[in-house]
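Read through the structure below, which is laid out as structure tokens, and then see the notes.
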Amino acid sequence: MEPIDIVLGAQFGDEGKGRIVNYLCASGKYEVCARFNGSDNAGHTVILGGDKFAFNQVPIGAFHGMRCVIARGCMVDLERLDAEIERVEQAIQIHQCSDNWSLYIDSRCHVKTQAHCDRDIQEEKERDKPIGTTLSGNGPAYSDKHARVNQRICDIDLSIYPNISRKAMIVDASLLDYSHCLVEGAHGIMLDIDSGTYPYATSSACTPAAACHSIGVSPKSVGRVIGVAKIYVTRVGAGAFVTEIQDTKLASKIREIGGEYGVNTKRSRRIGWLDLPALAYAVRVSGIEELALCKVDILSHLENVAICTGYNNIAFGYVPAKNEEYEEVEPIYKSIKWNSSGPMRVVDLIEKFIKVPVTIISSGINKGDIMIR
Ligand code: IMP
Ligand code: MG
């Protein structure tokens, strides 16, 4: 079997995974595209014929005529998936993509309902310090799963969901052929339930190991593990953010140019400088072997860019477990004059500090704006 390649977020989500997965799918190298975690709390944006399209639960391979798989570690919101299939089909028609994509959903996937959403909203209201969840019910649904009181797809009569009934094949997805498979992760390592900034985290695992676990393949079948990072960092919701830019004018400027608003929730994303210690941590705990660096063009309107190369009094690559402690950490910055050689200086810094190669650089939304190294 051909190795399975995995694309993951290396920060707090919204790194540009959609862009990278879409690019890799277009290469023609892959036949299968699988999702392994999360629910419609995730939003993956791709540009199709100049229009923005937001995927939530359907794998991006749908736009490339691929076999798409929603693996058993995903939390499926059937009502929203039903609507999303229709949106995907409309976009495929409008933009004349190949329409021979297929959709397989693992019968063991757990199901998220409106009651989970209502609980998410209520629990957020009752928290002294709200997490800033997407209010999509993701946390309560995973709680019910782990409490072993939740329903799975195999328990549901799907006939009330016309698009799912028509389009999806409900299967034991571990039996599928994963040759030439690209796996797209949702969220990012810093939101992972175990390694992320708990409790300001999502409720699923976001690592390549979790991908194997969810799809039902051996860890030995993994090929490339590509982490995606932006040249700056964003975060939506509460939780430690060591390199957050306190200068609101500067943060707004980057937010506006970078379009840093939540795909689903439309919330303003918090903005910060690239955090190399956190990135080193994410790479270490997940096994990322190469990086795709995104949104390099966004900083071109700045004169100087800061890169965090260490935390005061803390060994490089160590991240405090306790949120309050992490929030107290002091970043050490290297300032870089932002001229034409700025981006490559950052790439050099990443490779020097993180010790994985930057193999993909994206500096715009067009096809030609991706550089492979
Ligand atoms: P939940 O996953 O909706 O419970 O939200 C938990 C935390 O993860 C919150 O800080 C959310 O903003 C964040 N989060 C969840 N999904 C995404 C995503 O796809 N991109 C960015 N942040 C996310
Ligand atoms: Mg997103």
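As a basis for the values below, the full set of heavy atoms in this structure was taken, side chains included, without hydrogen atoms, waters or symmetry mates. In each ligand, atom 1 is the first atom listed, and ligand 1 is the first ligand listed.
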Atoms of ligand 1 less than 4.0 Å from [X] heavy atoms?
| X | result |
| --- | --- |
| A42 | 19 (O) |
| L191 | 8 (O), 13 (C), 14 (N), 22 (N), 23 (C) |
| F12 | 21 (C), 22 (N) |
| N138 | 2 (O) |

Point to revise | Interatomic distance, T45 atom OG1 to K17 atom NZ [nearest 0.5 angstrom] | key: 10.0 Å
Exercise for review: Can you list, by chain and residue number, the protein N, O or S atoms under 2.8 Å from the Mg ion (ligand 2)?
Suggested key: D14 OD1, G43 O
Any chance the side chains of [X] and [Y] put a donor and an acceptor closer than 3.5 Å?
| X | Y | answer |
| --- | --- | --- |
| E256 | Y261 | yes |
| Y326 | Y311 | yes |
| E184 | H44 | yes |
| D77 | S39 | no |
| N163 | R166 | yes |

Exercise for review: Select one of side chain, backbone, both or neither to describe which atoms of T133 lie under 4.0 Å from any atom of ligand 1, heavy atoms only.
Suggested key: both
Review point. So which bit of E123 gets within less than 4.0 Å of ligand 1, heavy atoms only: side chain, backbone, both or neither?
Key: neither
Review point. Which pairs pass side-chain hydrogen bond (donor to acceptor under 3.5 Å, both in side chains) with one or both residues in residues 293-305, sequence neighbours excluded?
Key: E260-K295
So is there a nitrogen or oxygen of [X] less than 3.5 Å from a nitrogen or oxygen in ligand 1?
| X | value |
| --- | --- |
| H187 | yes |
| D14 | yes |
| S203 | no |

Review point. Should V283 and V183 be counted in the same cluster of Ile, Leu, Val, Met, Phe, Trp and Tyr side chains packed under 4.5 Å apart?
Key: yes
Exercise for review: Check whether V296 and I354 end up in the same hydrophobic cluster, where Ile, Leu, Val, Met, Phe, Trp and Tyr are linked by side-chain heavy atoms less than 4.5 Å apart.
Suggested key: yes
**Study point:** Contact check, side chains of S179 and E31, non-hydrogen atoms, under 4.5 Å
**Key:** no
Exercise for review: Could you pull out, from T197, N264, D120, T134, the option with a heavy atom nearest to atom 3 (O) of ligand 1?
Suggested key: T134
Practice item. Ignoring hydrogens, just give me the one of L135, T265, V236 whose non-hydrogen atom is nearest atom 10 (O) of ligand 1. Key: V236
Sub-4.0 Å heavy-atom contact, [X] with ligand 1:
| X | result |
| --- | --- |
| G262 | no |
| H44 | no |
| Y200 | no |

Review point. Sub-3.5 Å donor-acceptor pair from the side chain of E124 to the main-chain atoms of I131, do we have one?
Key: yes
Protein contact of [atom] - nearest heavy atom, named by residue and atom, plus distance:
| atom | answer |
| --- | --- |
| atom 2 (O) of ligand 1 | T202 OG1, 2.6 Å |
| atom 7 (C) of ligand 1 | A201 O, 3.7 Å |
| atom 11 (C) of ligand 1 | G132 O, 3.5 Å |

Check your understanding: If you draw the axis of the six-membered ring of F53, does the NZ or CZ of R87 fall within 45° of it and under 6.0 Å from the ring centre?
Key -> yes
Review point. Does K167 count as lying over the ring of W101, i.e. NZ or CZ under 6.0 Å from the six-ring centre, within 45 degrees of the axis?
Key: yes
Review point. Can you tell which of D40, D144, D120 makes a side chain to side chain donor-acceptor pair (under 3.5 Å) with K112?
Key: D40
